[in-house]
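Quick caveat: nothing in here was measured; it's all calculated off a predicted structure. Chain identifiers are assigned alphabetically (A, B, ...) following the order of the sequence lines, protein sequences preceding nucleic acid strands; residue numbering begins at 1 within each chain.
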Number of protein chains: 2
Amino acid sequence: MKIGDLAKRSGLTAHTIRYYERIGLLPYADRNQSRHRDYDASILTWIEFLGRLKTTGMPIRDMLRYAALREAGAGTEAERRALLEQHRERVRAQVDELNACLLVLDTKIDGYVETEQRKIDDDAPEQHRIRGRRKPA
Amino acid sequence: MKIGDLAKRSGLTAHTIRYYERIGLLPYADRNQSRHRDYDASILTWIEFLGRLKTTGMPIRDMLRYAALREAGAGTEAERRALLEQHRERVRAQVDELNACLLVLDTKIDGYVETEQRKIDDDAPEQHRIRGRRKPA
DNA sequence: TCTTGACTTAGAGCGCGCTCGAACCCGTAG
DNA sequence: CTACGGGTTCGAGCGCGCTCTAAGTCAAGA
C-alpha cells in the first residue's frame with residue numbers, strides 16, 4: 001500500500017503520515033525499489049489506536065513513550081499497561097469534568113429559555129398567558 | 001480588586017487576564033487613579049463561565065462571539081442560547097466519543113493484564129497454575 | 001517520447017493560546 | 001530619599017501539532 005492509499009484509508013494526510021514517521025510515532029516504513037513507502041494493512045490498527053489516544057487528549061510526547069515501548073517489543077507490557085492505566089484515569093476525570101460542565105450549560109440555556117418565554121408572554125394578550133411565569137406586580 | 005488579586009482568585013495569571021481583555025474576552029476594566037485595573041468581584045462569575053467553555057473545548061473565537069453578544073445586552077438572548085445549544089451538542093458528542101475510547105482502552109489494558117498473568121503462570125511451579133490460561137501444547 | 005501525477009526529502013510556516021521581556025510608573029515602608 | 005513590590009503598555013517568543021513549499025525522482029499512459 002502506498003502512502004496515498006494509506007492516507008485515504010486512515011483519514012490522515014500523506015504529510016501527516018510522513019511527519020508521524022519522522023517523529024517516531026509510526027515505525028520507519030519499508031520502501032520499494034523507487035524509495036516510495038510501502039505499507040502493510042496492519043499499520044492501520046496502530047494508526048487507529050493512535051487516533052484514540054489523540055481523541056482522548058494524550059500529547060504526542062506521551063504517545064511517543066508508548067510507541068517506543070511497543071517498538072521495544074516483549075518485556076515492556078507492564079510499563080505500557082501502566083501508561084494506559086494512568087491515561088485512562090485522566091480520561092475518566094475529563095469525562096466527569098465535561099459532564100459537570102454540561103450541567104452548567106443546561107442551567108444557562110434554561111435561563112435563556114425563560115427569558116424568551118417572558119418576552120413571548122409580554123407580547124401575548126392577557127388571556128393567553130400561561131402558568132404564572134411572571135412575578136406578581 | 002487589583003489584577004493580582006483577581007489572578008489569585010480566578011486561577012488565571014495577570015498576563016492572561018490582560019490578554020483576555022486585549023482580545024475582548026473580558027470587558028475593558030475600569031482603572032483607578034494610578035491607571036491600574038480595578039475589578040468588581042462579579043467578574044469572577046464570567047471568568048468561571050469562560051473556564052467552562054474552555055474546558056469543553058470551545059475555541060476563543062467562539063467565546064468572543066458569545067462575549068460580544070453578552071456585551072450587546074438585552075435582545076441577544078436567542079442568539080446566545082443558540083450558540084450554547086450548538087456547543088452543548090458538540091460537548092455531548094465529545095463525551096460519547098471519550099466513552100467509546102475508554103472501552104477500547106479497557107480492552108487494551110485487559111490484554112496486557114493477561115500477558116502479565118501468563119508470565120506469572122510460566123514462572124510459577126506447575127501445581128500453582130490457575131484456570132487454564134495456557135493453550136494446550 | 002512526453003506528460004501527468006504521485007511520490008521523495010529538507011525545511012519553512014502557521015494557527016492557537018498563551019507567556020514573557022523590556023521599559024516604565026506608582027505608592028508605601030524603612 | 002530610596003528601594004521595592006506591585007502595576008502599566010507594547011510587542012516578541014514559545015510549544016504544540018501539524019501543514020505546506022520547493023526541488024527533484026520515477027512509472028505508467030497517450
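Each of D/dC18, C/dC18, D/dG11 was ranked by its minimum atom distance to the side chain of B/I60; first place goes to C/dC18. Each of C/dG17, C/dC20, D/dC18 was ranked by its minimum atom distance to the side chain of A/T16; first place goes to D/dC18. Among C/dG17, C/dT8, D/dT19, the nucleotide with an atom closest to any side-chain atom of A/H36 is C/dT8. Ranking C/dT19, C/dC7, D/dC18 by closeness to the A/I3 side chain, first place goes to C/dC7. Listed nucleotides D/dA12, D/dC18, D/dG7 differ in distance to B/K2; the shortest reach to its side chain belongs to D/dG7. Closest to the side chain of B/R37, out of C/dC7, D/dT8, D/dG17, is D/dT8. When distances run from any side-chain atom of B/S34 to the nucleotides C/dT8, C/dG11, C/dG27, the shortest one goes to C/dG27. Among the nucleotides D/dC18, C/dT9, C/dC20, the one closest to the side chain of A/R31 is C/dT9.
If you take CD1 on B/I23 and CE on B/M63, they are separated by 8.5 Å, rounding to the nearest 0.5 Å.
Annotation for A/R88 and B/L105: closest pair CA-CD1, 4.0 Å, computed over non-hydrogen atoms. In terms of heavy-atom proximity, B/A72 sits nearest to B/T76 at CB-CG2, 3.7 Å.
Atom OH in A/Y19 sits about 18 Å away from atom P in D/dT21, given to the nearest Å. Rounded to whole Å, atom C1' of C/dA6 lies 14 Å from atom CZ of A/R35. Rounded to whole angstrom, the span from the NZ atom of B/K8 across to the P atom of D/dG5 amounts to 13 Å. Atom CG in A/D62 sits about 11 Å away from atom P in D/dC16, given to the nearest Å. Straight-line distance from the CZ atom of A/R22 to the P atom of D/dT19: 13 Å, rounded to whole Å. Atom CE in B/M63 sits roughly 10 Å away from atom C1' in C/dG17 (whole-Å rounding). Separating the NE2 atom of B/H15 from the C1' atom of D/dT8 is a distance of 12 Å, rounded to the nearest angstrom.
Side-chain atoms of B/T13 and B/T16 include a donor-acceptor pair closer than 3.5 Å. In this model, no donor atom of one side chain and acceptor atom of the other lie less than 3.5 Å apart for B/R80 and B/Y66.
Along DNA chain C, the nucleotide closest to B/Q33 and the one closest to B/T13 are compared, and the more 5′ of them pairs with B/T13. Between A/R61 and B/D38, the residue anchored closer to the 5' end of DNA chain D is B/D38, taking for each the nucleotide with the nearest heavy atom. Nucleotides of DNA chain C nearest to A/G4 and B/M58 differ in position, and the one nearer the 5' end is that of A/G4.
The residue A/R18 sits close to a base: some heavy atom pair falls under 4.0 Å.
Remark: B/Y20 is not in phosphate contact with C/dG17, judged by side-chain N or O atoms under 4.0 Å from OP1 or OP2. For the OP1/OP2 pair of D/dG17 and a distance below 4.0 Å, the side-chain nitrogens and oxygens of A/K54 include no atom meeting the criterion.
Ionic pairing of A/R81 and A/E77 is not present here: no N-O contact between side-chain nitrogen and carboxylate oxygen is shorter than 4.0 angstrom.
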